[in-house]
Amino acid sequence: MSAAAGGPSPDAIPHRREDGELVGWILPDGDDWRAIDVLGRVVAASVDWLAAEAALEERGLAFLADPWMLERPGAEPFRVRLVEVTPARIVVKADDFGDVSHATERFVLPWPIPAQLRPPRPGDPDGFTLFR
């Protein structure tokens with residue numbers, strides 16, 4: 001991916017939904033195009049422009065509301081929610097399960113998405129199970 005920490009490359013073209021919300025960028029990929037989402041992940045590579053647009057629109061933004069897992073050295077991964085996603089940084093907080101009155105720790109991560117932030121996998125702690 002030509003996107004680097006701090007944002008996509010200067011030749012990245014923002015792609016927005018009809019309502020104006022940014023869903024990612026389209027970048028030159030040789031004679032073709034590559035689409036990256038707002039987390040900096042490649043959605044489609046070596047495709048024509050319309051396919052790159054379609055891939056971003058299909059990916060959408062719903063994944064931003066999903067739980068994620070944050071891995072830290074020497075600790076079990078734990079559930080987090082995305083709070084802020086910009087080309088400058090990704091901010092997550094410990095999952096509070098909708099309790100907005102509960103103060104939770106926040107973690108500032110680099111953009112694009114680092115390996116320590118990932119979708120949940122089978123066997124991950126779920127926040128509901130006390131003992132395994």
J.: Among the clusters formed by ILVMFWY side chains lying less than 4.5 Å apart, do Leu22 and Leu56 turn up in the same one?
T.: yes
J.: Is there a path of hydrophobic side-chain contacts, each under 4.5 Å between heavy atoms, that joins Phe63 and Val23?
T.: yes
J.: Looking only at heavy atoms, which two atoms of Pro67 and Arg81 are closest? And how far apart?
T.: N-NH1, 3.4 Å
J.: Trp68 and Val83: same hydrophobic cluster, using ILVMFWY side-chain contacts below 4.5 Å?
T.: no
J.: Any side-chain heavy atom of Val108 within less than 4.5 Å of one from Arg106?
T.: no
J.: Does Glu21 form a side chain to side chain contact (heavy atoms under 4.5 Å, CB included) with Arg16? I'd like the steps, not just the answer.
T.: CA-CA 5 Å; Glu21 190 70 35; Arg16 298 180 182 280; over 6 Å; no
J.: Do you know which two heavy atoms are closest between Ala55 and Ala44, and how far apart they sit?
T.: CB-CB, 3.7 Å
J.: Decide yes or no for Pro112 and Leu39: does some side-chain heavy atom of the first lie under 4.5 Å from some side-chain heavy atom of the second?
T.: no
J.: Identify the two heavy atoms, one from Trp111 and one from Pro8, that lie closest to each other, and give their separation to 0.1 Å.
T.: CZ3-N, 3.4 Å
J.: In the structure I gave you, are the side-chain heavy atoms of Pro28 and Trp33 within less than 4.5 Å of one another anywhere?
T.: yes
J.: Tell me if a side-chain donor or acceptor on Asp95 pairs with a main-chain N or O of Arg79 at a distance below 3.5 Å.
T.: no
J.: Between Ile13 and Val43, is there a shared hydrophobic cluster once you connect ILVMFWY residues whose side-chain heavy atoms come closer than 4.5 Å?
T.: yes
J.: Can you list the steps and then say if Arg121 with Glu71 is a salt bridge (charged side-chain N to carboxylate O under 4.0 Å, His left out)?
T.: CA-CA 12 Å; Arg121 295 190 288 240; Glu71 296 180 350; 3.4 Å; yes
J.: Which pairs count as side chain to side chain donor-acceptor pair (under 3.5 Å) when at least one residue sits in residues 50-62, sequence neighbours excluded?
T.: His15-Glu57, Asp37-Arg59, Trp49-Glu53
J.: Using the test side-chain contact (heavy atoms from CB on, under 4.5 Å), find all partners of Val92 that sit at least two apart in sequence or belong to another chain.
T.: Leu70, Val80, Leu82, Ile90, Phe107, Leu109, Leu117
J.: Are Ile26 and Leu61 joined in one hydrophobic group, where the rule is that I, L, V, M, F, W and Y side chains link up if heavy atoms are under 4.5 Å apart?
T.: yes
J.: Say whether, by atom type as modelled, one donor and one acceptor occur between the side chain of Arg72 and the main chain of Pro77 under 3.5 angstrom.
T.: no
J.: Taking Asp32 for the side chain and Asp29 for the main chain, is one N or O donor matched with an acceptor at less than 3.5 Å?
T.: no
J.: Is the shortest heavy-atom distance from the side chain of Arg34 to the side chain of Val42 under 4.5 Å?
T.: yes
J.: Counting only heavy atoms not in Asp66 (residues, nucleotides, ligands), do more than 12 fall under 6.0 Å from its CG?
T.: yes
